[in-house]
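Below: one structure, written as structure tokens.
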Amino acid sequence: MKKIVIFASGSGTNAQNIVRHFNSTSKSPQFHIFSNNANAKVLEKAQILAIPTKIISKDDLNSDVVLNYLMGIQPDIIILAGFLLKFPSHCIAAFPNKIINIHPALLPKYGGKGMYGMHVHRAVIENKEAETGITIHYVNENYDEGNIIFQTSVSLTGEETPDDVANKIHELEQTYFPLIIDKILNQ
């Protein structure tokens, strides 16, 4: 049985979609969800889906606390799905090429510290981009600089609001993120 650990800080729509994708197949991996936000909606969704959760602090992440949890689980893949803390290098070193992130833009554009969610969508509109998209990439020591696994784009008309862009990105995330995770697990 595959083991998947998801780190999320917010609503958990990507985490929920990933779990539903795998539960709709015969694979049924073992999931764990970690969050640095005790009020994150992802924790409610995990409870409904009967997935064990851990609330962690930034100190837990940067010390050996989270690493020890992960070593105990021995995940096949670690997914950052709307996780807003920088993943520490000692965890990355312990799980090389097993930690992936989804970014709401076509990297290398609009990546880096502070570039998440609506910050990205506003920047895309302000720069009058003709397209945007998602990037799924391995996590390394630098924000949004790990090797790219997958990208897909969507056209923009120039009439979109940041919310419109967010909706287009959300559709791409919901469609492709579980499929790419599934493909990685089956390599």
Side-chain angles (χ1 to χ4, degrees), residues 5-18 33-43 45 55-62 66 77-93 95-181 184:
V5 174
I6 301 173
F7 283 78
S9 298
S11 67
T13 54
N14 274 322
Q16 182 180 39
N17 189 48
I18 292 163
I33 293 180
F34 286 59
S35 183
N36 62 307
N37 178 357
N39 298 313
K41 296 287 185 200
V42 70
L43 298 172
K45 290 178 173 130
I55 299 169
I56 59 165
S57 69
K58 188 174 184 177
D59 288 342
D60 291 341
L61 185 64
N62 291 320
V66 169
I77 194 166
I78 298 168
I79 301 162
L80 308 185
F83 188 65
L84 299 182
L85 297 179
K86 187 174 184 190
F87 222 68
S89 58
H90 69 280
C91 289
I92 295 167
F95 296 95
N97 294 319
K98 286 192 175 186
I99 306 170
I100 65 169
N101 183 44
I102 189 164
H103 186 76
L106 297 170
L107 292 174
K109 288 184 173 184
Y110 309 109
K113 185 177 172 113
M115 291 304 286
Y116 61 90
M118 290 306 240
H119 301 288
V120 172
H121 308 320
R122 283 188 204 100
V124 165
I125 288 174
E126 287 168 8
N127 288 296
K128 299 178 177 23
E129 295 288 352
E131 68 177 5
T132 189
I134 60 170
T135 303
I136 299 168
H137 64 92
Y138 287 107
V139 173
N140 69 10
E141 292 78 17
N142 301 309
Y143 284 111
D144 303 322
E145 291 183 13
N147 290 336
I148 293 173
I149 300 164
F150 174 83
Q151 288 185 311
T152 191
S153 63
V154 61
S155 296
L156 299 175
T157 65
E159 303 297 318
E160 290 89 355
T161 66
D163 286 329
D164 295 332
V165 175
N167 289 334
K168 288 183 176 193
I169 294 300
H170 183 72
E171 285 182 33
L172 294 177
E173 290 173 342
Q174 295 290 291
T175 300
Y176 292 102
F177 204 15
L179 298 176
I180 299 304
I181 293 164
I184 292 168

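Model, not experiment: these values are computed from the prediction.
Other residues, nucleotides and ligands contribute more than 12 heavy atoms inside 6.0 Å of the OH atom of Tyr138.
With hydrogens and angles ignored, the 3.5 Å screen pairs no side-chain donor or acceptor of Ser35 with any backbone N or O of Ile55. Put simply, the side chain of Asn101 never gets that close to the backbone of Val139: no donor and acceptor are under 3.5 Å apart. For the pair Lys109 (side chain) and Thr132 (backbone), a donor-acceptor distance under 3.5 Å is absent. Glu145 contributes no side-chain N or O that, together with a main-chain N or O of Asn140, makes up a donor-acceptor pair within less than 3.5 Å. A donor-acceptor distance shorter than 3.5 angstrom exists from the side chain of Asp60 to the backbone of Ser57, with no hydrogens or angles considered. A donor-acceptor distance shorter than 3.5 angstrom exists from the side chain of Ser9 to the backbone of Leu84, with no hydrogens or angles considered. At least one donor-acceptor pair closer than 3.5 Å links the side chain of Lys45 to the backbone N or O of Ser11. A donor-acceptor pair is defined here as one N or O able to donate and one able to accept, closer than 3.5 Å; such a pair exists between the side chain of Glu160 and the backbone of Gly158.
Between Thr13 and Glu173, every side-chain heavy-atom pair lies at or beyond the 4.5 Å cut-off. A 4.5 Å side-chain heavy-atom check between Phe177 and Asn17 finds every atom pair outside the cut-off. Taking the side chain as every heavy atom from C-beta outward, Val66 and Phe7 approach each other to under 4.5 Å. Proximity of Leu172 to Thr175: side-chain heavy atoms (C-beta onward) are nowhere separated by under 4.5 Å.
Atom CD1 of Ile18 sits about 7.5 Å away from atom CD1 of Ile102, to the nearest 0.5 Å. From Ile169, atom CD1 reaches atom CE of Met118 across 11.5 Å, with rounding to the nearest 0.5 Å. In this structure, CG on Asn97 lies 10.5 Å from CD1 on Ile77, to the nearest 0.5 angstrom. With rounding to the nearest 0.5 angstrom, the NE2 atom of His103 is 11.5 Å from the CD1 atom of Ile134. Here Ile136 contributes atom CD1 and Ile79 contributes atom CD1; the two are 9.5 Å apart, rounded to the nearest 0.5 Å. Interatomic distance, CZ of Phe150 versus OG1 of Thr135, reported as 9.5 Å (0.5 Å rounding).
Here Leu85 pairs with Asn36, Lys58, Leu61, Phe83 under the side-chain contact (heavy atoms from CB on, under 4.5 Å) rule; sequence neighbours left out. Lys98 meets the salt bridge (Lys or Arg N to Asp or Glu O under 4.0 Å) test with no other residue; sequence neighbours excluded.
Minimum interatomic distance between Asn39 and Asn37 (heavy atoms only, all atoms of both residues): N-OD1, 2.9 Å. Minimum heavy-atom separation, Ile6 to Ala81: CG2-CB, 4.1 Å. When all heavy atoms of Ser153 and Glu131 are compared, the closest pair comes out as OG-OE1, 3.3 Å. In terms of heavy-atom proximity, Met115 sits nearest to Val120 at C-CG2, 3.5 Å.
For the side chain to side chain donor-acceptor pair (under 3.5 Å) with Tyr110, the lone residue among His121, Arg122, His119, Glu129 that qualifies is Glu129.
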Full working for side chain to side chain contact (heavy atoms under 4.5 Å, CB included) between Asn14 and Gln174
CA-CA 7 Å; Asn14 274 322; Gln174 295 290 291; 3.2 Å; yes
What verdict does the side chain to side chain contact (heavy atoms under 4.5 Å, CB included) test give for Lys113 and Asp144, after you've listed the backbone C-alpha separation in whole Å, the side-chain angles of each residue and the deciding distance to 0.1 Å?
CA-CA 8 Å; Lys113 185 177 172 113; Asp144 303 322; over 6 Å; no
